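In what follows, a structure is listed as structure tokens, so that the remarks can point back to it.
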Amino acid sequence: QVQLVESGGGLVQAGDSLRLSCAVSGSTPGAAGWFRQSPGKEREFVSSIRWFDGNSRYADAVKGRFTISRDRAKKEVYLQMNMLRPEDTAVYYCAGTPRTWNSGSSYYYDHSKYDYWGQGTQVTISS
């Protein structure tokens with residue numbers, strides 16, 4: 001049984017930074033990702049990382065501002081979010097899968113391909 005527990009959300013001002021953490025218990029994932037969802041919108045891809053080599057990818061909306069990383073020893077995944085904007089406001093979810101995909105695979109961007117989900121953490125950016 002794999003469990004994901006996020007932490008690090010909160011209320012900050014535009015331009016500030018936040019760091020989200022996701023603790024993984026159980027089996028080591030093949031890939032992990034962050035998705036977000038705001039009221040009335042579908043869950044959208046933010047970033048993902050392939051566990052064994054750290055190969056990562058980002059949504060265009062966050063590229064250059066967010067950085068995903070993982071600590072293999074601690075089995076944790078992080079999302080460093082800089083230069084936050086009001087439109088980044090959402091519930092952020094950590095996701096994991098035991099599968100490993102090729103670096104060019106579109107599966108990384110598809111929330112339906114992930115098997116495990118955290119409970120979500122609220123991120124609110126005030127203008």
Side-chain angles (χ1 to χ4, degrees):
Q1 184 76 11
V2 174
Q3 286 190 318
L4 306 176
V5 179
E6 304 101 332
S7 60
L11 169 63
V12 298
Q13 292 186 328
D16 286 350
S17 298
L18 275 176
R19 188 194 195 209
L20 304 183
S21 299
C22 174
V24 181
S25 62
S27 301
T28 299
W34 290 94
F35 290 77
R36 66 188 182 186
Q37 189 167 20
S38 49
K41 294 187 177 180
E42 293 190 0
R43 191 166 296 191
E44 65 172 356
F45 170 81
V46 176
S47 182
S48 68
I49 190 165
R50 191 163 61 184
W51 199 265
F52 81 92
D53 64 355
N55 180 267
S56 60
R57 57 212 48 77
Y58 299 89
D60 287 344
V62 308
K63 207 170 290 183
R65 300 187 297 123
F66 291 11
T67 303
I68 192 170
S69 61
R70 88 280 186 242
D71 185 318
R72 288 189 285 186
K74 293 183 178 179
K75 272 203 308 190
E76 293 185 352
V77 184
Y78 310 104
L79 186 68
Q80 177 66 43
M81 306 186 294
N82 298 330
M83 295 181 287
L84 284 161
R85 304 167 180 169
E87 54 263 39
D88 295 318
T89 295
V91 177
Y92 283 70
Y93 296 91
C94 179
T97 174
R99 290 180 284 269
T100 300
W101 303 306
N102 294 333
S103 57
S105 175
S106 62
Y107 288 179
Y108 288 108
Y109 303 87
D110 185 349
H111 65 83
S112 71
K113 302 301 183 186
Y114 290 79
D115 302 276
Y116 313 116
W117 291 86
Q119 80 286 355
T121 185
Q122 177 70 48
V123 171
T124 304
I125 314 303
S126 64
S127 57

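This is a predicted model, so every value here is computed, not measured.
- Counting all heavy atoms, side chain and backbone alike, P98 lies closest to D115 at CD-OD2, 3.2 Å.
- Taken from CD1 in I49 to CZ in R57, the straight-line distance is 8.5 Å, to the nearest 0.5 Å.
- Both the sub-6.0 Å distance and the 45° axial angle are satisfied by R43 relative to the ring of Y93.
- Under a cutoff of 6.0 Å and an axis angle of 45°, R19 and Y78 form a cation-pi pair.
- When hydrophobic clusters are built by joining Ile, Leu, Val, Met, Phe, Trp and Tyr residues whose side-chain heavy atoms come closer than 4.5 Å, directly or via intermediates, W34 is not grouped with W117.
- Here the shortest heavy-atom pairing between A90 and Y92 reads O-CD1, 3.4 Å.
- A pairwise comparison of heavy atoms in P86 and A14 identifies CD-CB, 4.1 Å as the closest pair.
- Closest approach of L4 to C22, counting heavy atoms only: CB-SG, 3.8 Å.
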Could you walk me through whether L84 and F66 pass side chain to side chain contact (heavy atoms under 4.5 Å, CB included), step by step?
CA-CA 9 Å; L84 284 161; F66 291 11; 3.8 Å; yes

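- Rounded to the nearest 0.5 angstrom, Y108 OH and K113 NZ are separated by 13.5 Å.
- Between F45 atom CZ and R36 atom CZ the span is 11.0 Å, to the nearest 0.5 Å.
- Here D16 contributes atom CG and M83 contributes atom CE; the two are 12.0 Å apart, rounded to the nearest 0.5 Å.
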Let me see the working for I68 and Y58 under side chain to side chain contact (heavy atoms under 4.5 Å, CB included), right down to the final yes or no.
CA-CA 9 Å; I68 192 170; Y58 299 89; 3.5 Å; yes

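- Tracing side-chain contacts under 4.5 Å through hydrophobic residues (I, L, V, M, F, W, Y), one never reaches L11 starting from L79; they form parts of separate clusters.
- Expressed to the nearest 0.5 Å, how far OG of S48 lies from CG of D110 amounts to 11.0 Å.
- In this structure, E76 and A23 approach most closely via the heavy-atom pair CG-CA, 4.1 Å.
- Remark: aromatic rings of W101 and Y114 are close, center separation under 6.0 Å.
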